[in-house]
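Data first, discussion second: the structure below is written as structure tokens.
Atom set for the values below is all heavy atoms of this structure, side chains included, hydrogens, waters and symmetry mates excluded.
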2 protein chains.
Amino acid sequence: MTVEAQSPLIRKLSTFVALSEAELAVLARLHRRRRTFVAGRDMVHQGQSGQLAYILSSGWVCSYKIQPDGTRQIVDFQVPGDFLGLRSVLLRTSDHSFEPIVDIEAAEVLTDDLLEAFAQTPRLATAILWAASRDEAMVVEHLVGIGRRDADARMAHFLLELGSRLALVGIGSKEGFDCPLTQYHLADTLGLSAVHVNRVLRQLRESGLVTFRDGHVTFHDYGGLVELAEFDSAYLDQSGPLLK
Amino acid sequence: MTVEAQSPLIRKLSTFVALSEAELAVLARLHRRRRTFVAGRDMVHQGQSGQLAYILSSGWVCSYKIQPDGTRQIVDFQVPGDFLGLRSVLLRTSDHSFEPIVDIEAAEVLTDDLLEAFAQTPRLATAILWAASRDEAMVVEHLVGIGRRDADARMAHFLLELGSRLALVGIGSKEGFDCPLTQYHLADTLGLSAVHVNRVLRQLRESGLVTFRDGHVTFHDYGGLVELAEFDSAYLDQSGPLLK
DNA sequence: CGCATCCTTGATACTTTTCAAGCAATGTGG
DNA sequence: CCACATTGCTTGAAAAGTATCAAGGATGCG
């Protein structure tokens, strides 16, 4: 089993940066403390100040905020290869919750180990921070989507983005991907009601664009979907952290 | 003229951290390259890779994304004391545009000067990064607002947040603040049509909560507005960067 | 079996947008 | 100084998009 197969993070970073043996070793060391969490129970709860970060190796997590009136807004998803809680570690500002959507496996990263790794391998630090800034760009794009796209385009855009992210770590393609999200997750993500999510999905399916059923997303007409969503993957495809 | 009065950034940071003479000196040095920009002409345009950051000393700026269909979504505002383009410098990922809303004054910060300042005064670096993470928290809160609040609450929340930010740098209070934004800016920020913004403002005014007129926001019933918006300033009031 | 979760559909009501029009203030060139 | 364009604000009426309420079906699981 190659190290890439073990760690989606390594696979993701390798797409953009040729990592040296030493860097790979440091990365591997960050993966030592393996933990699991069960679906549905929050790993971190809003307001809690747990200064731990994780590297997600399998499963899906979402980060969200609950409002006083009980509605919730999902801000972002973490899929294999993504960091989780990185900002809270560096800057202690986690004011949202993390919920595993399925049972997950993650590597726990201690602040000190992370800082040490950064000090030892600056190129790696740059690569990881680059990935973090990519996550931020996704939050911004999410904001734009909710603010300025109608329900169909929002859904289409979301599925396309998810597909791109998963493709990076080898668990998705332009054909489709497995997806454990419920329609309620989609509703809380896209700022829609669950009922309307259902209708939107039906319409996309009947238009022959994409099917989401039984935990699997199938793109029938990738180009058509891109057009509907006005999906421009520039914010995802950045050329990487321009390492010197 | 005290240095605090010269630089809203210093004023802002001083609220949370007692800065030493040395740190103040470093900060002052970052303010040396003063520049001005005229209202309405983009400082940075989407896709452009200008690796400059600025510290805004007077005036307002907004950062936004334009979509292929011509609609725009304002992601965030910068008011005096805010950094602008910090992320683009550190991580070169500016995929949005910056537009001065009025004529502005800003200090241009060179990447190298910034990194040097960080190296010299780690506490200052922490403070600045803390401010940056606060900005991120605002983007997240903005996302939640657009996704899960109705138009009235969205507007109320936005005005309250803006008031808090301005109060930090001494140009706003619970009574109100001067505000150069047009109803079109508000619409592009809140994901509403300009027409509806007008109606919402009217309703808030007629409810005796807040008036926005002739470039000035006046809070008539601060508590009532907080209640309507379910405004919880926790994400703004964090105790600062916990300096050791 | 019975309960819980998730998906699906229809009918209705509400929020927000779009279209259209008018007003006030400001600035500009003739 | 005036005609004119421009920008920002305001309002009404109609249309569209989305939420809410209600109900039923499917599946999995203790």
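Residue N198(B) has no polar side-chain atom (N or O) positioned under 4.0 Å from OP1 or OP2 of dC9(D). At dT8(C), one or more side-chain N or O atoms of Q183(A) fall inside 4.0 Å of OP1 or OP2 (strictly under the cut-off). Listed pair R213(B) / dT10(D) meets the phosphate criterion, a side-chain N or O lying under 4.0 Å from OP1 or OP2. Considering only side-chain N and O atoms, R149(A) lies nowhere under 4.0 angstrom from the phosphate OP1 or OP2 of dG17(D).
Whole-Å rounding puts the L190(A) CG to dG17(D) C1' distance at 15 Å. The distance from atom CD of Q203(B) to atom C1' of dT11(D) is 15 Å, rounded to the nearest whole Å. The CG atom of D152(A) sits 15 Å away from the P atom of dA16(D) (whole-angstrom rounding). In this structure, the OH atom of Y184(B) is 13 Å from the P atom of dT18(C), given to the nearest Å. Taking atom NE2 of residue H196(A) and atom C1' of nucleotide dA11(C), one finds them 15 Å apart after rounding to whole Å. The CZ atom of R154(A) sits 8 Å away from the P atom of dA19(D) (whole-angstrom rounding). The distance from atom CG of L181(A) to atom C1' of dT5(C) is 15 Å, rounded to the nearest whole Å. One atom, CZ of R202(B), and another, P of dT16(C), lie 15 Å apart when rounded to the nearest Å.
Within the nucleic acid shown, A194(B) has no heavy atom closer than 4.0 Å to any nucleic acid atom. If you check every strand for non-hydrogen atoms under 4.0 Å, G40(A) touches nothing. Counting any heavy atom pair closer than 4.0 Å across all strands shown, S193(A) reaches a base atom. Within 4.0 Å (heavy atoms only), G215(B) reaches no atom of the nucleic acid at all.
Judged by distance alone, the side chains of T182(A) and H185(A) do bring a donor and an acceptor atom under 3.5 Å apart.
For A151(B), taking side-chain heavy atoms from C-beta onward, the closest of the listed nucleotides dT18(D), dT16(C), dC6(C) is dT16(C). Side-chain proximity of V195(B) to dT11(D), dT16(C), dT18(D): nearest is dT11(D).
The environment of CG in D69(B) is crowded: more than 12 heavy-atom neighbours from other residues, nucleotides or ligands sit within 6.0 Å.
Rounding to the nearest 0.5 Å places CD1 of I171(A) at 9.0 Å from CZ of R11(A). Annotation: the span from R165(B) atom CZ to F177(B) atom CZ amounts to 10.5 Å, rounded to 0.5 Å.
A parallel orientation is assigned to the rings of H157(B) and Y235(B), their planes being inclined by less than 30° (bins at 30° and 60°).
Between the side chain of R199(A) and the base of dT20(D) there is at least one donor-acceptor pair of N/O atoms closer than 3.5 Å.
Mapping E206(B) and H185(B) onto DNA chain D via the closest heavy atom, the residue that lands nearer the 5' end is H185(B).
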